[in-house]
Amino acid sequence: MPEATSTYVPPKWRTEPRFPDGPAPDPAGSHHERRIRSFQPRRSRVTTGQGEALKRLWGTWGLDIDGHDVIDLKKMFDGLPVVLEIGFGMGEATAQMAAADPGTGILAADVHTPGQGNLLALAERGGMTNIRVANGDAIILLREMLPPDSLAGLRVYFPDPWPKARHHKRRLIQPEFLALAATRMAPGAILHCATDWEPYAEQMLEVLTAQPEFENTQADGGYAPRPDFRPLTRFEGQGLDKGHVVHDLLFRRTGNAQN
């Protein structure tokens, strides 16, 4: 995609230094692109506890997605296999998975500042050193900051469904995204998606099935049962209370990706 011209002026929310030693307002500002984004930054209140966690822990466990340097995941996670989670909300499920599987590193990426602070606080409280919090655009993280075949897995739980037809182009799970993600996933790595929006689940299944870099782990080619390692989140519970049906998709990365 073409780079933005030098006349681009970022919105005020991208330049306000809310936490001078914490996550940057717009870490990849110099990499601004004219492309459709799958996320909408939210400006909600950061609690005192979340703010203190950001100030205290960001320098140790935080990462700004600025697009400048390739990350050494082995060094960052002391040699653990690493799973990338894109969009973790307030981080409760991420913390539970990290606590249940200390032998796996979780690189959790989101743009929601309160959630970043909350996850850092949960990690500190639980003594979980296998979590790192990434701030910014996951596309830039995948494309410019992760080495080929470096991920042991990729998790995308309850991404924004963008339900209006004119917004479907904003959905994250698209052929272009999957082709990029495959180059950063090791052969055999699992891509795990979950959604409670039926039309989005159908689209996910369609585009994943058509993607040669992935194969369905289900013999019948359909959805997977919710695996025990994915916690039932508060958000998911609210959806179930409304009668929503949650679909999990587990696809394995084949050896066909072109790095």
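Below, all heavy atoms of this structure are taken into account, side chains as well, without hydrogens, waters or symmetry copies.
A single hydrophobic cluster is seen to contain both Leu249 and Phe214, as judged by linkage of ILVMFWY side chains at heavy-atom distances under 4.5 Å, directly or through other members. Under a hydrophobic-cluster definition in which Ile, Leu, Val, Met, Phe, Trp and Tyr are linked whenever side-chain heavy atoms come within less than 4.5 Å, directly or via other members, Leu119 and Trp58 are assigned to the same cluster. Residues Trp197 and Val207 fall within the same hydrophobic cluster, defined by Ile, Leu, Val, Met, Phe, Trp and Tyr side chains chained together at heavy-atom separations under 4.5 Å. A single hydrophobic cluster is seen to contain both Ile86 and Phe77, as judged by linkage of ILVMFWY side chains at heavy-atom distances under 4.5 Å, directly or through other members. Cluster annotation: Met145 is connected to Leu73 through the hydrophobic network of ILVMFWY side chains, with a link wherever side-chain heavy atoms come within less than 4.5 Å.
In this structure, Val246 and Leu240 have side chains that are in contact, with non-hydrogen atoms separated by less than 4.5 Å. Leu191 places a side-chain heavy atom less than 4.5 Å from the side chain of Leu178. Looking at heavy atoms from C-beta onward, Lys74 lies out of side-chain contact with Pro147 at the 4.5 angstrom threshold. No side-chain heavy atom of Glu236 sits less than 4.5 Å from a side-chain heavy atom of Asp196. Side chains of Phe229 and Arg155 form a contact here, defined as non-hydrogen atoms less than 4.5 Å apart. Using a 4.5 Å heavy-atom cutoff, the side chains of Gln50 and Met90 are in contact. Here the side chains of Val82 and Ser150 are not in contact, with every heavy-atom distance at 4.5 Å or above. Contact of the Thr47 side chain with the Arg45 side chain is registered, since non-hydrogen atoms from C-beta on lie closer than 4.5 Å.
Judged by distance alone, with hydrogens and angles left aside, the side-chain atoms of Asp66 form no donor-acceptor pair with the main-chain N or O of Pro27 at under 3.5 Å. Although no hydrogens or angles enter the test, the distance criterion places no donor-acceptor pair under 3.5 Å between the side chain of Thr104 and the main chain of Pro81. Panel note: side chain Glu144, backbone Leu141; no donor-acceptor pair is recorded below 3.5 Å. Checked by atom type and distance alone, the side chain of Arg184 pairs as donor or acceptor with a backbone atom of Leu142 at under 3.5 Å. The closest donor-acceptor contact from the side chain of Asn216 to the backbone of Phe251 lies at 3.5 Å or more, if one exists at all. When atom types are taken as modelled, the side chain of Thr254 and the backbone of Pro212 share a donor-acceptor pair closer than 3.5 angstrom. Without hydrogens or angle criteria, Asn130 side chain to Asp101 main chain gives a donor-acceptor distance under 3.5 Å.
Residues Met128 and Leu122 approach most closely at CE-O, 3.2 Å, considering heavy atoms. Annotation for Gly136 and Val111: closest pair O-CG1, 3.5 Å, computed over non-hydrogen atoms. The two residues Thr94 and Phe88 have their closest heavy-atom pair at OG1-CB, 3.3 Å. The two residues Thr113 and Pro23 come nearest to each other via the heavy atoms CG2-CG, 4.4 Å. In this structure, Asn135 and Gln116 approach most closely via the heavy-atom pair OD1-NE2, 2.9 Å. Closest approach of Val46 to Pro114, counting heavy atoms only: CG2-CG, 3.9 Å.
Of the inter-residue distances, the one linking Arg226 atom CZ with Leu232 atom CG reads 5.5 Å to the nearest 0.5 angstrom. In this structure, Asp110 CG and Ile65 CD1 are separated by 9.5 Å, a value rounded to the nearest 0.5 Å. Residue Trp61 holds its CH2 atom at 7.5 Å from CZ of Arg132, rounded to the nearest 0.5 Å. A distance of 5.5 Å separates SG in Cys193 from CG in Leu208, rounded to the nearest 0.5 Å. The OG1 atom of Thr209 sits 12.5 Å away from atom CE of Met204, with the distance rounded to the nearest 0.5 Å. For the atom pair CG (Leu146) and CG (Leu107), the distance works out to 6.5 Å, reported to the nearest 0.5 Å.
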Quiz prompt | Residues Val70, Asp72; criterion side chain to side chain contact (heavy atoms under 4.5 Å, CB included); working and verdict | solution = CA-CA 7 Å; Val70 175; Asp72 186 342; over 6 Å; no
Exercise. Mind running side chain to side chain contact (heavy atoms under 4.5 Å, CB included) on Glu202 and His247 for me, showing each step along the way?
Key: CA-CA 9 Å; Glu202 293 171 354; His247 291 291; over 6 Å; no
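Cation-pi contact between Arg171 and Tyr200: present, with separation from the ring centre below 6.0 Å and deviation from the ring axis of at most 45°.
In the model, Glu213 has a side-chain atom that pairs as donor or acceptor with a side-chain atom of Gln211 under 3.5 Å.
Heavy-atom neighbours of Asp228 CG from other residues, nucleotides or ligands within 6.0 Å: at or below the threshold of 12. Dense packing is recorded around CD of Glu198, with more than 12 heavy atoms of other residues, nucleotides or ligands lying under 6.0 Å away.
Using a 4.0 Å cut-off between charged nitrogen and carboxylate oxygen, Arg253 and Glu215 do not count as a salt-bridge pair. Taking the charged nitrogens against the carboxylate oxygens, Asp248 and Arg230 do have a contact shorter than 4.0 Å, which makes a salt bridge.
In this structure, Tyr157 has its ring center closer than 6.0 angstrom to the ring center of His192.
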